[in-house]
There are 2 protein chains.
Amino acid sequence: MFEPLYLYIENYSSLTLTQPEKELISHTFKLKRLRKKQYYLQEGDISKYIGFLIKGAMRMYSVDHKGHEHIIRFGVENWWMGDYESYNMNTPSRYNIDAVEDSELLAISGHQMQELMAKIPAVNAMIKLLDRRSNIAVQNRVHAAISLTAEERYQNLQETYPAFLQRFPQNMIASYLGISPETLSRIRKHSMMSKKAI
Amino acid sequence: MFEPLYLYIENYSSLTLTQPEKELISHTFKLKRLRKKQYYLQEGDISKYIGFLIKGAMRMYSVDHKGHEHIIRFGVENWWMGDYESYNMNTPSRYNIDAVEDSELLAISGHQMQELMAKIPAVNAMIKLLDRRSNIAVQNRVHAAISLTAEERYQNLQETYPAFLQRFPQNMIASYLGISPETLSRIRKHSMMSKKAI
DNA sequence: GAGCATGCTTGATAAATGTCAAGCTCATTA
DNA sequence: TAATGAGCTTGACATTTATCAAGCATGCTC
């Protein structure tokens, strides 16, 4: 059950975990199972735990005053889920996180994570690199959001995270791109027609 | 000249710098002066240095196929400037960075930064926290970009970084928000009129 | 198998935003 | 001082995207 996490840490840190380190990890993280549509975090709660997804698919989103959902982040196997802002600042979250498929994640509190980082160099290095990579990824999303048209953003997503398109329903993809489901439907129709033309 | 940087590191790390540490820092960072409109980085270059702004104002932006500029990030005193993606991955940058006012920054290479982080705990802690904060800030920007209207994004900027509105010309603010200068002008007119009405 | 919910598509129309062109103000410079 | 250019505003119009409403599959539940 913890194998994917060990591998992930070793990959991201370029270090090897010792047996005692693995045991410490397996005793610290707790397995959490979620049914499809079940909440992992609700708006207003504090994100005390952050989770490493070992199975399933999840999303983090806000709900605006009109009741529309806006997806900030998707997660599938080997991704971390949680509201970093709430988790790090100990503030109530503006977001909801729920399971899009039946999911399993390994959860750890902020306090426990600090301990693991202090005790296990590989975990420390992994988090450092993760923060860095995440920064880059989010910045690229900002770039896409402010400089590309809806159609270009869709193509960009196709190139960057093709797996999402298979995994999440179209209305969620639209929400992730910041457009309405109708517009996404029309964009797809349009781009299929231009492919045929070639 | 290095005082602001020492203070910044001490603040972000909650640690105090020793005299030898300060000397190491002052011998590692190099002062770089930029005239208004001068480039710090041009598209296609690799961002070898990252700079801590001690004076002035700068921006990082991309230019699209129509020649339009899209501002990804602003920087003023006590902000870091550089393309993190290019800096960390050693890849050519898609962005330009230039000075909006005459500016001075303290520059350091990625390699030198690794060394400082290894030798000075405060620098290590500072970078860790900076990466974390930056993640949160960029994620909030994604949230704004996909879920708010142009007018709401402007109000959000007013609340989050009011200093930017004083410091950067309106057409750059528009570019940062992902809207045309004309639209921003109309939004401002509109929100001034509703203020008067109150 | 009937009924029902969910997700996707399509059309008609409305609202938001972009584009183009012109004019105005202000600071800078020749 | 005149001239220039940069930045901001405004109007007319075009384009993009959202909204609302309807219909159609598909799969699930009783």
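Naming convention: chains lettered A, B, ... in sequence-line order (proteins, then strands); numbering from 1 in each chain.
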Starting at OH of Y154(A) and ending at P of dT17(D), how long is that distance when rounded to a whole Å? 15 Å
Output the rounded distance in Å from NE2 (H70(A)) to P (dT17(D)). 16 Å
Proximal nucleotide (of dT9(C), dT17(C), dA18(D)) relative to the T149(B) side chain: dT17(C)
Whichever of I179(A) and R186(B) has its nearest DNA chain D nucleotide further upstream toward 5': R186(B)
Do any side-chain nitrogens or oxygens of K66(A) fall under 4.0 Å of OP1 or OP2 in dT19(D)? yes
Would the F168(A) and F74(A) ring centres measure less than 6.0 Å apart? yes
Please classify the nucleic acid contact of K37(B) as base, sugar-phosphate, or nothing, using heavy-atom distances under 4.0 Å. nothing
What integer distance in Å separates H190(B):NE2 from dT17(C):C1'? 14 Å
Separation of L177(A) atom CG from dT16(D) atom C1', in whole Å? 15 Å
From CD of E101(A) over to P of dT6(C), roughly how many Å is that when rounded to an integer? 18 Å
With a 4.0 Å cutoff (strictly under), does any side-chain N or O of N171(B) reach OP1 or OP2 of dC8(D)? yes
Within this structure, what is the CD-to-P distance between E69(A) and dG7(C), rounded to whole angstrom? 10 Å
Is R59(B) positioned over the aromatic face of Y61(B), cation under 6.0 angstrom from the ring centre and no more than 45 degrees off axis? yes
Whole-Å distance, K36(A) NZ to dT29(D) P, equals 10 Å
Which of dT17(C), dT10(C), dG7(C) is nearest the side chain of K189(A)? It is dT10(C)
Give the nucleotide from the list dT17(D), dT19(C), dT9(C) with an atom nearest to the side chain of T183(A). dT17(D)
Minimum-distance nucleotide (side-chain atoms of A150(B) versus dT9(C), dT17(C), dC8(C)): dT17(C)
Do Y154(A) and R188(A) meet the criterion of a side-chain donor-acceptor pair at a distance under 3.5 Å? yes
With respect to the side chain of Q170(B), which nucleotide from dG18(C), dA18(D), dT9(D) is positioned closest? dT9(D)
Determine whether any donor atom in the side chain of E182(B) lies under 3.5 Å from an acceptor atom in the base of dC20(C), or the reverse, and answer yes or no. yes
Does a donor on one side chain sit under 3.5 Å from an acceptor on the other, for N135(A) and S134(B)? yes
Taking atom types as modelled and ignoring hydrogens, do the side chains of Q139(B) and R141(A) form a donor-acceptor contact shorter than 3.5 angstrom? no
Distance check needed: dG7(C) P versus F168(A) CZ, whole Å only. 14 Å
